[in-house]
Amino acid sequence: MLDPVTFDRLFFALSMAFHMIFVTITMGLSILVSIYELRYIKSKKIEYKVLAKKLAKALVLSFAFGTASGTLIAFELFSLFPKFMAVASQVAILPFYVEVFAFFLETIALIMYFYFWENFKNLYAHWFLSILVIIGTASSAILITMINAFMNTPTGFNIANFISTGKITDVNPWAVFNGPSTWSEEYHVITTTYAAAGFMMLAIFSYYYKKTKDRIAEIMKNGMKTSSIFAGISILLAGISGHFTELMLLTEQPLKYAAIELNFYPATSNAPELIGGLYYNNSTYFYISIPNLQSLLAYFPSGNGYLPGLYEYPASLWPPLYIHLTFDLMVFGGILLGIFALILFVSIIFKKDIFNKRTIINGSIISGFLAMAVYDAGWVTNEVGRQPWIIYNVMTVEEAANVSSVIIPIGFSIMVFYLVSIPITILYILKILKVKVEEISNV
Amino acid sequence: MTLLENLELFFNASIFAIFFTIASTELMAGSMLIFYYKETNEEIKKFIVPIWEITGTFLVFYVVNVEALVPSLIPILAYVYIPYILLFIFVYGARNGFIIFAEFIGKTFAITEEQLYKLYGFVTLILGTLLLIAYGSLISGVGVDLNNYSFDLFQYLSYWPDAGFVLGSALIYFGLAHSFFRVEKNYKLSLSLTVFGVLMNSLSFIYFTNFKFYNYLILPIVFTLIIPVMNQFYYTRKYARNKILYLILMSLTVGITEKAILPYLFGGKINVIDYFPNSAIQVAMFQATIIGGTLVGIFLAYYFYFYFKKIERNV
């Protein structure tokens with residue numbers, strides 16, 4: 001039988017995992033919808049309008065489930081981890097609060113955009129609503145990430161005093177907007193989210209390209225090209241931001257850094273990069289070691305500088321070491337996606353039509369799944385890497401959790417509900433995006 | 001109570017009032033979809049399908065405002081209401097699922113659009129009941145054990161003002177739904193239902209608050225009864241069925257009632273001012289509420305302006 005703390009953790013992790021699927025789809029679709037409507041306005045090609053409407057419908061569906069799962073998370077945060085919220089509300093509530101206004105912007109702009117589409121005479125005024133949706137979705141993501149950055153590197157109050165007395169003093173409510181890890185995390189979260197969304201859309205368009213022909217296949221191919229450019233730019237920026245995020249960990253969360261690199265001993269130079277590796281019974285198995293690479297990446301070009309090790313900290317504070325593997329999956333999966341996007345990008349630049357090749361179509365479909373796996377692996381690395389803390393070095397998950405045993409049966413029902421409803425929703429989003437011949441002729 | 005604290009309570013009451021008013025349109029829609037689907041579904045869908053997302057957004061707004069207003073009260077609320085909160089979010093997820101699929105799936109699945117809308121109506125009424133129970137117990141404190149952090153639903157429902165509050169609200173909204181969604185059938189009965197509901201609710205409220213705030217009830221009673229009374233007469237029916245009038249009057253009704261209750265909760269056992277955060281957060285929240293609230297007001301005003309100008313006028 002699960003204890004309530006473990007259940008709270010599992011329940012919240014599952015809710016977040018599902019929520020992120022819809023957030024990713026929503027953020028990506030909001031950009032594509034805007035691109036296609038603008039193309040329609042400029043070219044008056046009916047295909048673009050059909051695609052924009054299809055994408056907008058999928059966006060509304062994804063947004064609706066995203067807001068539902070987001071609302072559940074808002075409730076779960078204070079009901080599953082009440083002591084965390086009691087602290088966060090006294091120090092770092094502003095991003096949460098401001099996010100609600102971004103959420104309003106997103107909601108109202110999207111429902112006007114979708115439901116009142118034909119009531120707008122000025123096409124640019126209607127298109128402008130899609131820009132507001134993009135701003136709303138991106139702002140929501142940025143503001144919520146600030147809370148996550150606060151959990152990783154708390155700021156804005158007297159931490160030493162809180163640890164010794166339990167009292168919150170010297171509060172600066174604005175500090176959370178510019179904490180030690182805020183902007184490096186923002187940069188990485190936004191770019192990776194757009195990259196994951198871009199590859200997912202590439203996969204969907206490729207799937208339908210494979211299944212359709214003639215005019216509809218051409219529309220899908222166009223979608224493949226657009227989403228591959230979008231995914232390619234995002235994955236490039238995600239790679240750069242990932243490097244800076246890791247450098248930030250070196251100074252702000254050295255224990256997490258040591259765990260994701262599987263460094264047991266600190267080093268000041270010549271540290272190797274471990275690829276793979278299972279830690280069991282105080283030994284590491286199944287890995288490849290690349291000499292000096294870790295030092296070089298962290299302190300380019302000299303390679304000289306301090307790299308933390310796990311043995312510098314009590315073992316009771318170590319996060320689960322499988323995060324080294326999720327980190328590897330994130331990095332190598334990201335590199336593969338980057339290479340694939342580069343191939344597609346180069347083909348577009350040199351006007352080589354490779355999008356009809358079976359390898360590229362199948363590769364594009366696989367890239368969607370891989371991108372989601374990479375994205376989730378990144379979040380697992382980030383969140384599990386902070387364990388046992390909910391607020392790093394301030395409050396453990398165990399201290400924050402609601403230990404009422406009644407959570408388990410109802411929480412379990414909600415998890416089952418998620419497991420049933422979410423695949424149906426995703427399948428329906430896919431179904432919505434299917435363009436039929438008559439739709440083009442009817443518009 | 002300082003001016004800032006007073007203003008923050010005022011904002012909190014206002015957010016709750018707008019949230020509850022918008023949510024009440026869904027409660028009315030729920031009852032109409034169940035009882036008069038054929039007569040009302042077109043009218044309801046036109047209003048509810050875009051707005052149900054805004055209800056959810058306002059719910060989040062209210063929850064986050066409460067978290068910011070009384071952070072140290074959160075652990076108490078979380079432990080007392082945990083089964084009801086989880087049940088609420090489960091039903092809330094189902095409500096969203098039903099309305100989304102009702103709107104988009106149509107006839108393609110084994111379940112029909114009508115069945116999905118009725119299911120949406122049914123779960124919305126359950127949500128409304130849960131909300132009213134939680135709200136009633138927050139005011140009266142009946143069934144709540146603050147020492148053991150628990151809530152006994154049966155104790156709550158066996159106290160007649162608590163049960164009366166839920167039943168009275170159900171009658172009020174069922175009655176008001178006739179004018180809001182322009183239902184011709186039984187519209188004469190709707191006045192009697194609303195009057196009876198208002199009577200039950202007012203008596204419950206007087207008992208809830210130990211006879212302290214009954215003078216605050218005069219305006220809410222008048223505001224609630226104006227619409228069903230106007231709906232009875234040919235010349236005023238057009239105005240009674242104007243949705244903007246309902247939204248304004250119901251916001252005022254709920255706002256006045258809420259402001260009368262605050263700052264005391266659980267039958268006066270808790271004064272929320274004692275749970276307010278440090279002054280730095282209070283000032284920052286105040287500033288954010290002013291700026292953000294103005295923006296939300298502009299967004300909503302534009303939305304309703306557009307809705308009533310382009311959509312409602314085309315009926």
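The sequence lines fix the lettering, A, B, ..., with proteins before strands; numbering per chain opens at 1. Atom set for the values below is all heavy atoms of this structure, side chains included, hydrogens, waters and symmetry mates excluded.
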Check your understanding: Given a strict heavy-atom distance threshold of 4.5 Å, which part of B/Leu86 is in contact with chain A: side chain, backbone, both, or neither?
Key -> both
**Study point:** B/Val49 versus chain A, the contacting section by heavy-atom distance below 4.5 Å
**Key:** both
Check your understanding: Relative to chain B, which of A/Ala74, A/Ala86, A/Pro409 shows the most heavy atom pairs under 4.5 Å?
Key -> A/Ala86
**Study point:** Heavy-atom pair count under 4.5 Å with chain B, highest-scoring of A/Thr67, A/Val60, A/Leu72, A/Thr169
**Key:** A/Leu72
Point to revise | chain B contact via A/Leu94 - side chain, backbone, both or neither, heavy atoms under 4.5 Å | key: side chain
Check your understanding: Side chain, backbone, both or neither: which part of B/Leu300 has a non-hydrogen atom closer than 4.5 Å to chain A?
Key -> both
Review point. Given the side-chain rings of A/Phe104 and B/Phe58, with only the six-membered ring counted for Trp, is the space between their centroids under 6.0 Å?
Key: yes
Check your understanding: Is it the side chain or the backbone of A/Met85 that comes within 4.5 Å of chain B heavy atoms, both, or neither?
Key -> both
Practice item. Using a cut-off of under 4.5 Å on heavy-atom pairs, state which of A/Phe101, A/Phe65, A/Phe81 scores highest against chain B. Key: A/Phe101
Point to revise | Leading residue by heavy atom contact count with chain B [cutoff under 4.5 Å; candidates A/Tyr418, A/Trp174, A/Phe75, A/Phe114] | key: A/Phe75
Review point. Side chain, backbone, both or neither: which part of A/Leu105 has a non-hydrogen atom closer than 4.5 Å to chain B?
Key: both
Point to revise | Proximity breakdown for B/Ile54 and chain A, heavy-atom pairs closer than 4.5 Å | key: both
**Study point:** Which atoms of B/Phe61 approach chain A - backbone, side chain, both or neither, heavy atom under 4.5 Å
**Key:** both
